[in-house]
Amino acid sequence: MTSTPSRLQQKLEGEQFVFTTEVCPPKGADCDTFVAVARELAPHVDAVNVTDNQGAHMRISPLAAAALLQREGVEPVFQLTCRDRNRLALQSDLLGAAALGVKNVLLLTGDHISFGDHKEAKTVFDLDSVQLIDVASRLCRGEDLSGRKLHGAPSFFIGAAAAPEAEPFELTLFKLRKKIAAGAQFLQTQAVFDPAACQKFHQAVAPLGARIIAGIIILKSAGMARFINANIPGLNIPDTIITELENSPHPHTTGIDIACRLAAEIKPYCHGIHIMPMGLERGVAAIVSSVSA
Amino acid sequence: MIVSRQKPIEDILSSLDGCRSVFLIGCTKCATVCKSGGEEEVWQMQEELLAAGIEVTGSLVIDEACHMLRVSRDLRSKQQMVDDADSILVMACGAGIQSVSAATSKKTVAALDSLFLGNIRRFGQFEQKCSLCGECILTQTAGICPVTACAKGLLNGPCGGMDNGRCETDQESPCAWAEIFERLQKTPQSCDLESYRPPKNHGKVPKPGKLKLPK
């Protein structure tokens with residue numbers, strides 16, 4: 001366990017623009033493809049997020065998946081949600097991550113269990129995301145939530161989620177301010193589509209000190225865009241983008257082009273970009289090179 | 001009040017498998033208001049049991065089935081009918097059912113599922129407003145309980161699933177935090193959305209809950 005900051009933290013604090021992407025851990029114990037995809041993406045980005053039972057669908061533990069990436073030399077961002085663990089399990093997993101060399105953590109509330117594949121499960125939510133961020137900060141200060149001293153304090157780069165296009169914006173800001181006050185050092189946003197909303201978000205949040213990593217999703221088709229609009233709160237894909245995808249003979253390529261364009265447009269309003277490839281991994285390199293050019 | 005709902009009759013009959021005779025118990029309070037175990041429902045149940053070939057030795061609609069002493073006393077007043085039955089079918093909440101099971105050695109069968117502590121919006125419409133968490137924060141949350149009204153029970157504001165003031169779990173339902181926010185805009189109160197709310201103390205209500213008033 002070292003206290004050297006992660007590459008992601010060093011770059012963001014050194015005012016360098018960063019790129020992250022994400023890989024969903026597998027449903028099953030075979031992680032070969034998961035690791036292979038992460039290794040393929042790693043040269044293009046600064047870190048790879050490992051999602052936590054995303055959409056409340058049961059998958060391999062993000063702690064195990066993050067540790068596997070760490071072992072492969074791929075810097076992970078360990079995503080941890082409050083949905084499935086109480087305060088003991090959350091602290092345990094955070095300390096476990098630290099012991100395995102994981103430094104970047106993205107601390108989330110978690111999608112509701114009713115969206116997933118275990119709808120009859122008991123939801124936990126013993127802590128909320130603000131409290132979880134506070135807990136991670138306490139661990140870094142060498143004590144647990146009950147105030148007891150730790151044998152070896154972890155050193156995390158703590159991230160939180162933000163939804164710049166969700167309304168009422170003022171209401172989301174209250175919580176963001178609390179997240180930052182509790183110790184969030186970077187904010188990873190939901191997928192954004194409106195540069196004006198990013199500008200407004202940047203103006204409101206940047207003065208609070210947290211680094212902003214804006215989310216970009218690669219849309220594969222007009223159908224996928226419509227599905228997202230209908231089912232994912234806080235994501236608003238404009239009709240112009242949907243039409244562009246619909247009229248394209250090669251929607252995958254068009255989806256990547258749209259993502260490249262959006263990434264370039266929002267670059268002035270963030271400190272990094274998080275790419276959600278949605279199966280179009282080849283888009284990651286394209287977006288990174290178009291923004292970096 | 002405790003909101004309850006009758007189990008499907010097939011489930012009740014299956015629980016009564018092997019019983020030829022039953023003594024029926026309802027409750028005059030919550031189960032009556034929920035139309036799950038009042039006088040009328042007890043009568044209907046009697047008809048359904050008879051139709052299924054099960055004898056009903058007698059019935060009783062107890063004034064507050066959660067009152068343990070009263071349940072014991074009322075059951076004693078019908079001792080013979082209770083003794084004649086193979087089992088007791090209780091159309092009351094889980095508390096009421098256990099007043100009965102504590103008062104008799106007979107097989108006790110639950111006819112209802114207990115759902116939540118509910119407010120009555122109007123006749124036949126119930127809503128959960130309070131989760132009995134043992135640590136009331138309504139003064140700090142503009143009189144709206146996020147522990148209950150938020151699908152995730154979040155204490156520090158809305159989750160990422162909130163959009164246009166709606167909840168991700170049900171687009172028809174308002175986000176509890178959007179409601180709190182809106183109410184504070186209209187009537188500023190002494191609560192402060194900016195202040196951090198620490199994790200709940202789940203040790204405040206022991207499980208099982210017990211309270212003994214000082215004499």
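Each chain gets a letter, A, B and so on, in the order the sequences are listed, and its residues count up from 1. Below, all heavy atoms of this structure are taken into account, side chains as well, without hydrogens, waters or symmetry copies.
Residue with the most contacts toward chain A among B/Gly153, B/Ala151, B/Cys175: B/Ala151 (heavy-atom pairs, distance under 4.5 Å). Interface check for chain B: of the options A/Asp111, A/Leu171, A/Asp134, A/Val135, the most heavy-atom pairs under 4.5 Å are formed by A/Leu171. Note on A/Ser129, A/Ala182, A/Pro168: by heavy-atom pairs under 4.5 Å with chain B, the leading option is A/Pro168.
When the shell of 6.0 Å around CZ of A/Arg141 is examined, it contains more than 12 heavy atoms from other residues, nucleotides or ligands. Heavy atoms of other residues, nucleotides or ligands lying less than 6.0 angstrom from CZ of B/Arg5 number 12 at most. Within 6.0 Å of the CD atom in B/Glu135, the count of heavy atoms belonging to other residues, nucleotides or ligands exceeds 12. The local environment of OH in B/Tyr196 is crowded, with over 12 non-hydrogen atoms from other residues, nucleotides or ligands closer than 6.0 Å. Remark: A/Lys119 NZ is packed, more than 12 non-hydrogen atoms of other residues, nucleotides or ligands lying under 6.0 Å away.
Neither the backbone nor the side chain of A/Asn231 comes within contact range of chain B; no heavy atom of the residue lies under 4.5 Å from a heavy atom of that chain. Contact annotation for A/Arg87: only side-chain heavy atoms (C-beta onward) come within less than 4.5 Å of a heavy atom of chain B. Proximity to chain B (any heavy atom under 4.5 Å) is shown, for A/Leu108, by neither the backbone nor the side chain.
One N or O on the side chain of A/Gln131 and one on the backbone of B/Arg197 form a donor-acceptor pair closer than 3.5 Å. Of the possible donor and acceptor atoms, none in the side chain of A/Lys175 sits under 3.5 Å from a partner among the backbone N and O of B/Gly160. At least one donor-acceptor pair closer than 3.5 Å links the side chain of A/Asp128 to the backbone N or O of B/Asn156. Checked by atom type and distance alone, the side chain of B/Lys152 pairs as donor or acceptor with a backbone atom of A/Gly110 at under 3.5 Å.
Residues A/Asp126 and B/His202 meet the side-chain proximity criterion, which asks for heavy atoms closer than 4.5 Å. Looking only at side-chain heavy atoms (C-beta outward), A/Phe174 and B/Phe181 come within less than 4.5 Å of each other. Put simply, the side chain of A/Ser114 does not reach to within 4.5 Å of the side chain of B/Glu168, judged on heavy atoms.
Taking SG of B/Cys167 as the start and NE2 of A/His112 as the end, the distance is 7.5 Å to the nearest 0.5 Å. Here the OG1 atom belonging to A/Thr172 is positioned 10.0 Å from the CG atom belonging to B/Asp163, to the nearest 0.5 angstrom.
Shortest non-hydrogen contact noted between A/Pro233 and B/Gly161 is CB-O, 3.1 Å. For the residue pair A/Glu167 and B/Met162, the shortest heavy atom distance occurs at O-SD, 3.1 Å.
None of A/Val130, A/Leu145, A/Asn86 except one satisfies the side chain to side chain contact (heavy atoms under 4.5 Å, CB included) rule with B/Pro199; the exception is A/Leu145.
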